[in-house]
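So the structure is just underneath, and the comments pick up after that.
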Number of protein chains: 2
Amino acid sequence: MRALTVRPGTAGTLAVETIPDPEPGPAELLVEGLAIGVCGTDKEIVRGEYGWAPEAPDAEGRLVLGHESLGRVLRAPDGSGFGAGDLVAGVVRRPDPEPCGACAHDEWDMCRNGRYTERGIKELDGYGSERWTVPAKYAVRVADHLGLAGVLMEPTSVVAKAWEQVDRVGERAWFEPRTALVTGAGPIGLLAAMIGVQRGLDVHVLDLVADGPKPDLVRDLGATYHHTSVEEIARTARPDVVLEATGVGKLVFEAMAATSAYGVVCLTGVSSGGRQLPIDAGALNRELVLENDAVVGSVNANLRHYRAAADALAAADLAWLERLITRRVPLQQAASAFEAGPTDVKVVIELADPGSEAGAT
Amino acid sequence: MRALTVRPGTAGTLAVETIPDPEPGPAELLVEGLAIGVCGTDKEIVRGEYGWAPEAPDAEGRLVLGHESLGRVLRAPDGSGFGAGDLVAGVVRRPDPEPCGACAHDEWDMCRNGRYTERGIKELDGYGSERWTVPAKYAVRVADHLGLAGVLMEPTSVVAKAWEQVDRVGERAWFEPRTALVTGAGPIGLLAAMIGVQRGLDVHVLDLVADGPKPDLVRDLGATYHHTSVEEIARTARPDVVLEATGVGKLVFEAMAATSAYGVVCLTGVSSGGRQLPIDAGALNRELVLENDAVVGSVNANLRHYRAAADALAAADLAWLERLITRRVPLQQAASAFEAGPTDVKVVIELADPGSEAGAT
């Protein structure tokens with residue numbers, strides 16, 4: 001079968017290779033890969049800046065890429081809760097082998113020792129192949145009607161976790177948020193805005209661009225699009241919640257200062273360091289203390305969050321979700337999926353052989 | 001009766017004045033004031049930099065100082081749960097008049113609109129007088145055996161709230177902290193360390209000084225004293241929890257970066273702004289996100305926290321608590337309590353007339 005592979009640590013190694021078909025274990029599903037989504041982490045891996053190949057000698061330093069998955073079950077063990085034809089997504093992270101207390105409680109997203117593994121990122125082959133297997137425990141059902149939009153499951157799980165963090169941190173005392181600011185209108189920001197609107201919040205989204213699909217995508221949710229600044233937005237609508245999805249250091253600190261009293265800022269954007277910003281640390285600390293503000297970082301997702309994501313996607317407007325997928329690339333042309341297009345939101349690589357009849361849509 | 005007063009907004013107005021004895025309302029206790037503790041906020045008020053006088057015309061811009069209180073009940077309404085002779089402390093903050101959702105839920109410490117009032121700080125006379133009244137609802141019983149050490153109730157309530165914030169933020173997922181770092185060995189830091197040790201944590205305390213009473217106070221708790229740096233401590237004992245009690249901007253940011261994965265930093269120190277620090281905002285954001293770290297500001301306390309403080313003080317070693325009170329000043333010499341002494345931890349102003357037989361000790 002064909003698979004999208006890379007040699008982590010070495011740029012320019014992205015390839016479509018033929019590798020052996022996988023053999024499902026007794027508790028595993030055999031899945032026909034339909035599509036993978038491309039995110040910033042994939043781009044980092046393709047640039048040779050992130051990622052770890054499986055340690056098995058026959059992997060020869062090769063990693064099958066793809067952690068945002070969508071597939072159709074070909075064969076499922078009896079009693080697994082899955083059957084042939086089901087649309088599924090696979091969970092990305094697996095517990096560390098030790099396991100730490102968090103992993104032992106199935107909260108691998110909160111792994112303490114960093115020895116977790118991740119499909120398509122860290123020591124486990126990803127979902128970017130025509131067939132893949134997954135333990136039934138780490139598969140999540142995608143509503144049939146979603147079709148290709150089901151590939152949004154993984155980024156939605158990250159967003160569902162972020163909202164859960166906001167809830168749980170907010171609920172340390174009385175908490176009835178009304179206004180949310182989402183910084184960044186990429187897939188994470190847009191899905192965060194979608195869930196915010198589903199929760200009945202007055203949602204504001206900030207991004208840099210004034211054109212392309214983002215402003216309309218935000219407006220069509222019933223949210224407000226801004227291409228001004230955090231400070232400008234905070235002047236008229238001090239947010240109770242900020243969901244930060246850019247990782248831009250300056251925005252992160254502006255977000256911390258922009259909340260209403262008892263504000264909760266959830267950081268989800270993975271930034272790179274190396275640039276110093278002048279920050280009035282005393283004033284920021286004073287504001288966090290006197291307003292009982294909270295800031296919480298959030299990465300990855302566990303099964304609870306995938307299930308919340310499945311609910312959020314099932315409740316969403318399908319046509320809106322489909323508009324998030326702004327480009328579809330066949331596996332054989334996968335390299336082009338890693339080049340940024342001017343109006344890209346989510347780029348998807350379709351895995352099904354064009355000659356086959358299978359497909360999500 | 002005598003009272004310690006100040007004209008908020010004007011430095012040099014601290015005075016011991018004779019004012020009318022208070023008359024308790026039907027649901028109020030009449031209390032003999034025994035002592036007030038002095039903290040940084042009191043010093044800010046005395047310097048004319050903070051504080052608001054009661055708005056009543058007869059207040060004439062005068063505020064009775066004192067929010068860290070200890071008194072003995074002289075008269076209590078039937079059914080109030082208090083009786084003559086009880087040691088009590090009064091709660092500092094009162095709900096805003098509107099009230100906001102938090103105040104309506106008796107969580108005035110999380111007030112959203114800033115219209116709360118505070119005894120001895122904001123629009124309500126404090127506890128720095130020979131007699132005071134307090135609604136039974138806002139009085140908290142102090143264990144008899146504590147005597148003068150009961151004046152530590154209010155700072156302990158602030159610390160009890162901070163620990164509750166750590167718990168509630170930490171418990172958003174699996175959480176079994178083992179190591180805590182407390183930055184600053186003033187009264188808040190020392191009481192935070194005390195509660196940390198009561199919880200069975202391995203507690204490290206960082207302060208600048210190498211001499212005076214602080215190192216021994218820390219060691220006698222069974223905690224470890226450091227006068228190095230956050231970075232140095234983190235090299236050997238990465239803390240699961242940091243309780244920041246200095247408000248020093250540099251330390252605040254070092255604390256955020258020093259935690260173990262899933263670290264919780266609770267900020268309690270009220271700093272002043274105006275000084276820019278160069279901070280690698282991108283690197284800090286990346287660490288918060290990838291480690292699922294949390295930072296939470298905490299100020300003030302509600303009744304739940306006063307009750308937790310009463311339990312913590314009752315369970316503490318009395319001789320150790322008494323050593324926190326490094327200086328006692330009679331009301332008539334109150335001004336000297338606001339001048340920093342080289343070995344001060346907590347300075348207390350004793351309110352009882354030296355000629356009277358009453359007193360906490």
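Below, read A as the first sequence line, B as the second, and so on, with proteins coming before strands; counting in each chain starts at 1.
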Practice problem: Could you tell me which of K250(A), R112(A), E164(A) has the largest number of non-hydrogen atom pairs under 4.5 Å with chain B? | Solution: R112(A)
Self-check item: Heavy-atom pair count under 4.5 Å with chain B, highest-scoring of A283(A), C266(A), A281(A), G249(A)
Solution: A281(A)
Quiz prompt | Partner chain A: residue of G273(B), A104(B), C111(B) with the largest heavy-atom pair count (under 4.5 Å) | solution = G273(B)
Quiz item: Checking D167(A) against chain B: side chain, backbone, both or neither under 4.5 Å from a heavy atom?
Solution: neither
Exercise. Mark yes when over 12 heavy atoms from residues, nucleotides or ligands other than R238(A) sit less than 6.0 Å from its CZ; otherwise mark no.
Key: yes
Practice problem: Sort N113(B) into side chain, backbone, both or neither according to what part of it lies under 4.5 angstrom from a heavy atom of chain A. | Solution: neither
Quiz item: Among A261(A), S271(A), G274(A), who wins on heavy-atom pairs under 4.5 Å with chain B?
Solution: S271(A)
Self-check item: Proximal component of V295(A), with respect to chain B [non-hydrogen, under 4.5 Å]
Solution: both
Self-check item: Value rounded to 0.5 Å, distance of CZ in R172(A) from OG in S298(B)
Solution: 8.0 Å
Quiz item: Do the side chains of N292(B) and K161(A) get nearer than 4.5 Å, heavy atoms only?
Solution: yes
Quiz item: Looking at Q276(B), E291(B), R168(B), which has the largest count of heavy-atom pairs under 4.5 Å with chain A?
Solution: Q276(B)
Exercise. Look up atom OH in Y262(B) and atom SG in C100(A), then write down how far apart they are to the nearest 0.5 Å.
Key: 11.5 Å
Practice problem: Select one option (side chain, backbone, both, neither) describing which atoms of S260(A) are under 4.5 Å from chain B's heavy atoms. | Solution: neither
Quiz item: Taking atom CG of L277(A) and atom CG of L277(B), what is their separation to the nearest 0.5 Å?
Solution: 12.0 Å
Exercise. Just do the side-chain contact (heavy atoms from CB on, under 4.5 Å) check on W174(B) and D106(A) with the steps written out, would you?
Key: CA-CA 9 Å; W174(B) 178 82; D106(A) 284 345; over 6 Å; no
Quiz item: Which bit of D293(B) is near chain A, if near means a heavy-atom gap under 4.5 Å: side chain, backbone, both or neither?
Solution: backbone
Quiz item: How about L290(B) and V270(A): do any of their side-chain heavy atoms sit closer than 4.5 Å?
Solution: yes
Practice problem: Only one of V296(B), V299(B), L267(B), V265(B) passes side chain to side chain contact (heavy atoms under 4.5 Å, CB included) with L288(A); say which it is. | Solution: L267(B)
